[in-house]
Amino acid sequence: MIDVRRIRTDYDTVRDALARRGGALKELEQVRELDAQLRELTAERDQIRSEVNAISKEVGTLRRDGRSEEAEAKQVESRALGEREKQLADAADEIGARTRDLLLHIPNLPSVDAPDGAHADDNVEIKRVGPGDEPAAWAEHQRVPHWDIGTELGILDLERAVKMSGAMFTMFRGAGATLSRALCQLALDHNSDAFEEVRPPTVVLTETMISTGHLPKFADDAYCFERDNLWAIPTAEVPLTSLARDEILDSADLPMRLMAQTACFRREAGSAGRDTRGLLRVHEFDKVEILAYAMPDQAAELHADLLRRAESLITALGLTYRVLDLCTGDLGNSSARTFDIEVYAPGVDQWLEVSSVSWFSDYQARRANIRYRVAGEKGTDMVHTLNGSALAVPRVWAAVVETHRQPDGSVKIPEVLLPYFRGATEIRATK
RNA sequence: GGAGGGGUGGCAGAGCGGACGAAUGCGACGGUCUUGAAAACCGUUGAGGGGCAACUCUCCGGGGGUUCGAAUCCCCCCCCCUCCGCCA
């Protein structure tokens, strides 16, 4: 949520910032109008409440002194005020609810540093490591799509996954499952120097989904257990961000860094028919997420650190990648600035988004009511939240298998993963 | 799932219709004392909204109700504890 007070006091700046990402100007204007009404109503309501409170005190005194007739008269007076108060309160509640609902639908303001642009084509590539998608850089044996490699080596069983769960569900087998697990473990081990490992619930309440900005706007993208009013998380960002919900953190504990490996569930409602083959787009996948709560002046450095950490994993796996600075038009709803990491998968000849490293400023914190206090100082402020995928399994799995495929059809296991492979150094067909 | 007990400030814990934003204790902070510290003593100490301010409103798990007035009474829900049942 953006701050209503900013809408009140700095409307033009807010409007211009929002305009840069092409969003919700109508809602913004409505919020401004409703907020003005709301303040009038609550001021009047509070005035009446104040009178009622004063009268009630008098009634108490009069009754104690046995002057019940005078008390009676005061009660009648107060009763009349009470009716007016109720009208005002109802009106205020109604407008307050509408304001909040609008506010929940307004995206975050982009950072001044985020490049302008309308869609993905306008994202700015700021870095490229490895040969990229130069055709000459890749050998023939690396030009095999991962689903074929998976079948050849018996490490990917999509057919049976579909039998169990339907299209866009996956199953790794044998060394393929080991690879999946090894990737997660590598990511966790790699960040254990600074991040607390968490194993959160993967099914959460509606309120938890609202905090991160995944509801109410994007309900169609998530799986819902209607009978129990629970949602399957699309990313560990959801529970990890709610971990501190409604809490006031001590500045000494900031930045607070958390990481978690979880399954992630996505309905991919808008993308039927796209990337249907293989592991490029699936309904359930494992991911290691890294996340931080910070004070505003710590945020920039943390954002850079999260990106560095995500990059170094990709580098360690020997993959080619590029980093994009997302333009205002392509920014996620809650984000102020996002860097995407895309790895190049030679077998399918595609750049695959494997990590989004985002800074949410205080947008999520305001939704989730997460504040901090500086010891000895008065008052509290909203924290900033940041997060990124350290490693998302299926796409990285695909890129690893395609990149490291050998001329004889086997897949060489990257050195950093060897500790997790029980002595094996390559993946070969078992029969 | 069944029966009973409970949810109050950073923590512990009183209050069960008016003087309660809430006793008391602990903790924390400031001061006195001390070479320094401890102890003792004195004082301060929740969050949020509106208002230039004076000031005012809201919050005692959540929501609704009764009342001139609710932490206190009534209804619904949630959570925690104990016992029983079931169970990876």
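Just so it is clear: chains get the letters A, B, ... in the order the sequence lines come, proteins before strands, and each one is counted from 1. Atoms considered below: every heavy atom in the structure, side chains included; atoms not considered: hydrogens, waters and symmetry mates.
Pairing for B:G36 is absent, judged as Watson-Crick or G-U wobble with the two contacts each under 3.5 Å. Using Watson-Crick or G-U wobble geometry with both donor-acceptor distances under 3.5 Å, B:C20 finds no partner in any strand shown. Across all strands shown, B:U72 forms no Watson-Crick or G-U wobble pair with both key distances under 3.5 Å. With a cut-off of 3.5 Å on both pairing distances, the Watson-Crick or G-U wobble partner of B:C83 is B:G2. Remark: B:G43 base-pairs with B:C29; criterion is Watson-Crick or G-U wobble with both hydrogen-bond distances under 3.5 Å. The pairing partner recorded for B:C52 is none, the criterion being a Watson-Crick or G-U wobble arrangement whose two distances lie under 3.5 angstrom. In this entry B:G7 has B:C78 as its Watson-Crick or G-U wobble partner, both defining distances falling under 3.5 Å.
B:G25 sits 34 Å from B:G63 when the C1' atoms are compared, rounded to a whole Å. Here, B:A47 and B:G9 have their C1' atoms 10 Å apart, quoted to the whole Å. B:A22 and B:A70 have their C1' atoms separated by 13 Å, with the value rounded to a whole Å. Taking atom P on both B:G64 and B:G51, the two are 25 Å apart, rounded to the nearest angstrom. For B:U72 and B:C60, the P atoms lie 8 Å apart once the distance is rounded to whole Å. For B:G85 and B:G4, the C1' atoms lie 15 Å apart once the distance is rounded to whole Å. Rounded to the nearest Å, the gap between the P atom of B:G6 and that of B:G10 is 24 Å. To the nearest whole angstrom, the two C1' atoms, one in B:A12 and one in B:G7, are 14 Å apart.
Cation-pi contact between A:Arg181 and A:Tyr420: absent, since separation from the ring centre below 6.0 Å together with deviation from the ring axis within 45° is not met.
Residue A:Ser78 is classed as a sugar-phosphate contact, given heavy-atom separations below 4.0 Å to backbone atoms only.
Checking the phosphate oxygens (OP1, OP2) of B:U56, no side-chain nitrogen or oxygen of A:Ser50 falls inside 4.0 Å. Within the structure, every side-chain polar atom (N or O) of A:Arg63 is placed at least 4.0 Å from both OP1 and OP2 of B:G69. An OP1 or OP2 oxygen of B:C57 is reached within less than 4.0 angstrom by a side-chain nitrogen or oxygen of A:Asn53. Under 4.0 angstrom from either OP1 or OP2 of B:G48 there lies at least one side-chain N or O belonging to A:Arg371. Residue A:Arg373 places at least one side-chain N or O closer than 4.0 Å to OP1 or OP2 of B:A47.
Rounding to the nearest 0.5 angstrom, the gap separating the CG atom in A:Leu417 from the OG1 atom in A:Thr178 is 11.0 Å. The distance from the CG atom of A:Leu326 to the OG atom of A:Ser356 is 6.0 Å, given to the nearest 0.5 Å.
Straight-line distance from the CZ atom of A:Arg39 to the C1' atom of B:C52: 14 Å, rounded to whole Å. Atom CG in A:Asp246 sits about 13 Å away from atom P in B:G10, given to the nearest Å. Here B:G49 presents its P atom at 22 Å from CG of A:Leu88, a figure rounded to the nearest Å. The nearest whole Å value for the distance from the CG atom in A:Leu41 to the P atom in B:G49 is 19 Å. Across the protein-nucleic acid pair, A:Gln47 atom CD and B:C55 atom P stand 15 Å apart, rounded to whole Å. Spacing between atom CG of A:Asn229 and atom P of B:C77 amounts to 16 Å, rounded to whole angstrom units. Rounded to an integer number of Å, the gap from CD of A:Gln75 to C1' of B:C68 is 5 Å. Residue A:Lys74 contributes atom NZ, which lies 20 Å from atom P of B:U67 at whole-angstrom precision.
Donor-acceptor pairing under 3.5 Å is recorded for the side chains of A:Glu29 and A:Tyr11.
The residue among A:Gly60 and A:Arg5 whose nearest nucleotide of RNA chain B lies closer to the 5′ end is A:Gly60. Each of A:Arg64 and A:Ile248 has a nearest nucleotide on RNA chain B; the 5'-most of these lies closest to A:Arg64.
Ion pairing between a basic and an acidic side chain is recognised when a charged N comes within 4.0 Å of a carboxylate O; A:Arg67 and A:Glu69 show no such pairing.
Enclosure of atom CD in A:Glu207 by more than 12 non-hydrogen atoms of other residues, nucleotides or ligands within 6.0 angstrom is indicated.
Nearest heavy-atom pair, A:His146 versus A:Leu280, reported as atom, atom and distance to 0.1 Å: CE1-CD1, 3.4 Å.
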